[in-house]
Amino acid sequence: VEASIPEPQREAWLKNQASGFKGKDEFEKEVVRHVETTLARSMFNCDETAAYAATSLAFRDRLVIEWNRTQQRQTFADTKRVYYLSLEFLMGRALDNAMLNVGEKETAKSGLSDLGFRIEDIIQQENDAALGNGGLGRLAACFLDSLASLDYPAWGYGLRYRYGIFKQEIIDGYQVEVPDYWLDFNPWEFPRHDVTVDIQFYGYVKKTTDESGKVTAHWEGGDTVRAVAYDVPIPGYATPATNNLRLWSSQAASGEFDFQKFNSGDYESSVADQQRAETISAVLYPNDNLDRGKELRLKQQYFWVAASLYDIVRRFKKSKRPWREFPDQVAIQLNDTHPTLAIVELQRILIDLEGLDWDDAWNIVQQTFCYTNHTVLPEALEKWSVGLFQHLLPRHLQIIYDINLFFLQTVERTFPKNREILSRVSIIEESQPKMVRMAYLAIVGSHKVNGVAELHSDLIRTTIFKDFVTIFGPDKFVNVTNGITPRRWLHQANPGLSDLIATKVGGPELFLKDLTLLNKIELSVNDPAFRKAWAEVKLANKQRLADYIKTTTGFTVNPKALFDVQVKRIHEYKRQQLNIFGVIHRYLKLKAMTPEERKEVPPRVSIFGGKAAPGYWMAKQIIHLINSVSKVVNNDPDIGDALKVIFIEDYNVSKAEIIVPASDLSEHISTAGTEASGTSNMKFVLNGGLIIGTCDGANIEITREIGEENIFLFGNLAEDVDDLRHNHTYGDHKTDPELDQVFDAIHGGTFGSVNDFQGMISAVRDHGDYYLVSDDFHSYLETQDLVDKSYADQELWITKCITSVSRMGFFSSDRCINEYAEMMWNVEPLQPETNIGVAKGE
Ligand code: CJB
C-alpha cells in the first residue's frame, strides 16, 4: 500500500494519535473549538444550528476514531465481512443515537447546558436522513445498528440521494409533495474524493478469441459516470465497534465539466452533461411496494451495484487470496431484488476481467449472495424489459441469457419434457415485450433466500417461488422474522419506559443488548408502585404527543382518551380506508346518541400519518377523506372529546419516535396475506401499546409470543382470501350493511363532495373489493367495541401492556442478525479486545 507511512516514522504517528473527548470538560472544549474554528463563529454568534453542528462534529470525531480502529482490526484479523446492499436506508436522526450508543448523552446534556443550550432543542435541529420509503428502508437501518452493536464486520452500501423521500404537506386536506433537500449541512458524512469508481453504461460488446480458442467478451464504448464514496459511521451500542455505511454519489466522469466542450465554446452542453451524470443519485423513487420500471431507476441500480462490487473486489484482492476463497471472505446480502444486478456484475468481473471459467465463477457467485424477499404483491415484483437492458447494459443481458440457459438446462435434466415448468421458471418472461424477472435471477444466483416473517416465508415457498422449491429443494428457502433495534425504538424514543424497565432488569446496557431479559418485568406485573410508574410514563408520552398535535394542527386532544394510531405508508393493502370507514361509523353512532349516552362512551383520538406515492391516486383519496373527516368531526360541538381525528403531516422516523411511545392501540390491519411482516407492530408493542390487527405478517408471531389474550385479532384468514375474492366476482356479493351506512353518509355530503371519494366506494361496491374491506368490516367493528370495553378496565389494560412488553424479546433485530449470520452468511463477530497490532486501513 503506497499511502502507508514507512516504519521509522510510525512512532511519531502513534504518539500523536487522535482521541475524541473524554468527560464533560473535554466535550465542552471540543464544542467550542468546532464553533470557533470549524464553523468560524463565536459565542456572540452561536445559534442552535451552530451548536448542533459543533456537537455533532465532536461526536463524529469520536466515532471516526473508533471507525478507523474497527476497520484496522478487521483487516488485521482478515475475517469474513458482510455487505448489506440496500437502495434504501431510512436512518432518521444521527446525533441522539450517537450520544446514546457511545454512552455520553448525559455528558453532552450537562456540557451543552453549561454552554447555554438545552439538549432537546439541539437534537431537534437535525434533518432526518430519509433515504427510504418505509419498512424496507427502516429495516436496513435497524440492521446496521445491530450489526455494529453485535461487533459483526459489516458494511452497508447504498446511494447518496440528494433528495430523500419528499416532505408531505397537507393543503386543504390534500397531500402536496415538497422536495427534501437534506444535505444542506450534514456533519455525519465523510466525502471520500479519493475513493471513486468510473461506471460504464450503454456501448456494445466485442468478442475476441485467443490462440487457445478461448473467447473473451469486451464491453466497449458508451458513457461513463463517476461514483464518489461518502462514508457514514455507524456506532454500535456499548461497544467501540463502529461500522461503515458507504453511499455513492454520481458526478460527471471528467470532473466538473467536459473541458474540451467548454473550451470550444459549448458551455451549455458541458454543464448539461454534468447535470445528467448527477441525476443518477439525485432522487429516491418514492414508491413503496410498487415497481415502475423507469430507465433512470435501472441506471441507479447498476451505478450503485457496480461501484459497490468494485470496492468489495478491490478489498478482497488486497488479501492476495485465490478467487475460490472469495465466498470465505465476502457475504453479500441483497435487500430485495433492487441490487440483483450485483450477481451479474460479479459474474462479469470474474469471467470477462479476471479470466475465470464460467462454472468456477458461477460457483463463487452463488456462494457469495443471499436474497431477501419483502413482498408477495405482484405489482411490486421487479421486471425490466429486455430492450432496455440491451440498450443500457448489453453485456449484462448476454450474461443473464447464459445464466438462464444453464439454469434451464439443469431444470430440464431434473424435469425432462416438462415445458410448463421451464416457461414458468425462466428468468426471461416470454411476454410482449420480453421481461427479465429479477426475483428469479436473485434466487438462481444466491445460495439462500429468506422471507421476513413465518407466514410470509410459507407463502413464498408455496406460491410465488413454489417451482424453485421443487428445483432447489426446501433448504434454500428460510425464514428470518424481522426485528427492530431496541436502542432507537425503546431507549431513545421512550427514555421514561426504558429507565423504568432498567430498574427491574439491572441496567439498560443489559436488556438493550439481550432483549429477552425483558421477561424479568413480568415478575413486577402486580407491583402497585411499578404499575403506577408505568401508567405515568404512558400519560407523559401521550401528553408529549398531544402537545405536538396542538402545535402542528391546532387541535386539542385529551391525553386521557384512548390514542388509536395507524402510521405507515398509505396503501390500499394496508387498509387505512377500513380504519377511516370505522371512524365514520363511530361518528355516526355518536351523533345518534343523547348527550348522556355519549358521556358513557370512552373517548378516542384516531391518529393517522403516512405518505402516498405521488402517482397513487387512490392512496391520495384516502388521505383526503381522513382530513375531511377530521375537519368535520373535530369541529362538531356535539362530539367534543368523545372523538377526535388527527392526520399528522409528514410522518417520518423522528415523528415515529414521538408517536409510537404515546399509543394505546395501534392498527396493523392489512388484508391477510399481503403484509410480509410489518415492523411498526413490534415497535408499538415494545412501547407498551396494544394492537388491533389481522392474522397477517408478524402479527401472528407477536400473538404467539405475547399470548392471544393480549392482542385484538379480527378478520378473515390468508387461506380464505382467494375464495372470498372469487366470490366477489362470481358470487352474490353484498356490501356489509354497516359499511353501507358509512357510504350513505359520504354520499350525503357529510364530508364534502362525494365525487372526491367515489373511487374508494366504487372499489368496494363495483370493483370486486380486492382488499376485502367489506368482508372484514363487521369483525373490525366488533373488535373495536371489545377494545373500548377493555380500555374501560384500566387495571386489566395495564396488565396486558406490561405482560406484552415483557414477552417482546424475540423481536430485537439482534436476534434477527444473529440468525442471518448463522444460517445465511456464515460470519462471526469480531470482538474489539482481539485487536492488537497495526494493519493497513480498510
Ligand atoms: N416492504 O417497505 C417495503 N417496500 C417494498 O417495496 C416491499 C416491502 C416492506 O418491508 C418490510 C421489511 O421487511 C416489511 O415489514 C413490510 O411488510 C413490507 O411491506
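Just so you know, these numbers use all the heavy atoms, side chains as well, and skip hydrogens, waters and symmetry mates. Remember, it's 1-based here, ligands and their atoms both numbered in the order they're listed.
S670 is linked by a side chain to side chain donor-acceptor pair (under 3.5 Å) to D696, counting only residues two or more places apart in sequence or in another chain. A search for side chain to side chain donor-acceptor pair (under 3.5 Å) contacts involving T337 returns E382, not counting sequence neighbours.
In this structure, K294 is not positioned above the aromatic face of Y285 in the sense of NZ or CZ being under 6.0 Å from the six-membered ring centre and within 45° of the axis.
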Under 3.5 Å, N/O to N/O: give me all the pairs between ligand 1 and the protein, one per line with atom names and distance.
unit_1	atom_1	unit_2	atom_2	d
ligand 1	2 (O)	G135	N	3.4
ligand 1	2 (O)	L136	N	2.9
ligand 1	2 (O)	D288	OD1	3.1
ligand 1	4 (N)	D288	OD1	3.3
ligand 1	6 (O)	N289	N	3.0
ligand 1	13 (O)	H374	ND1	2.6
ligand 1	13 (O)	N482	OD1	2.9
ligand 1	15 (O)	N482	OD1	3.4
ligand 1	15 (O)	G678	N	2.8
ligand 1	17 (O)	E675	OE1	2.6
ligand 1	17 (O)	A676	N	3.3
ligand 1	17 (O)	S677	N	3.0
ligand 1	17 (O)	G678	N	3.1
ligand 1	19 (O)	N289	ND2	3.1
ligand 1	19 (O)	Y573	OH	3.1
ligand 1	19 (O)	E675	OE1	3.0

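Ring to ring, F143 and Y820 are close: their centroids are under 6.0 angstrom apart. Here F714 and Y780 bring their ring centres to under 6.0 angstrom of each other.
Residue pairs meeting the ring-ring contact (aromatic ring centres under 6.0 Å, His included) criterion with at least one partner in residues 434-463, sequence neighbours excluded, are Y440-F468.
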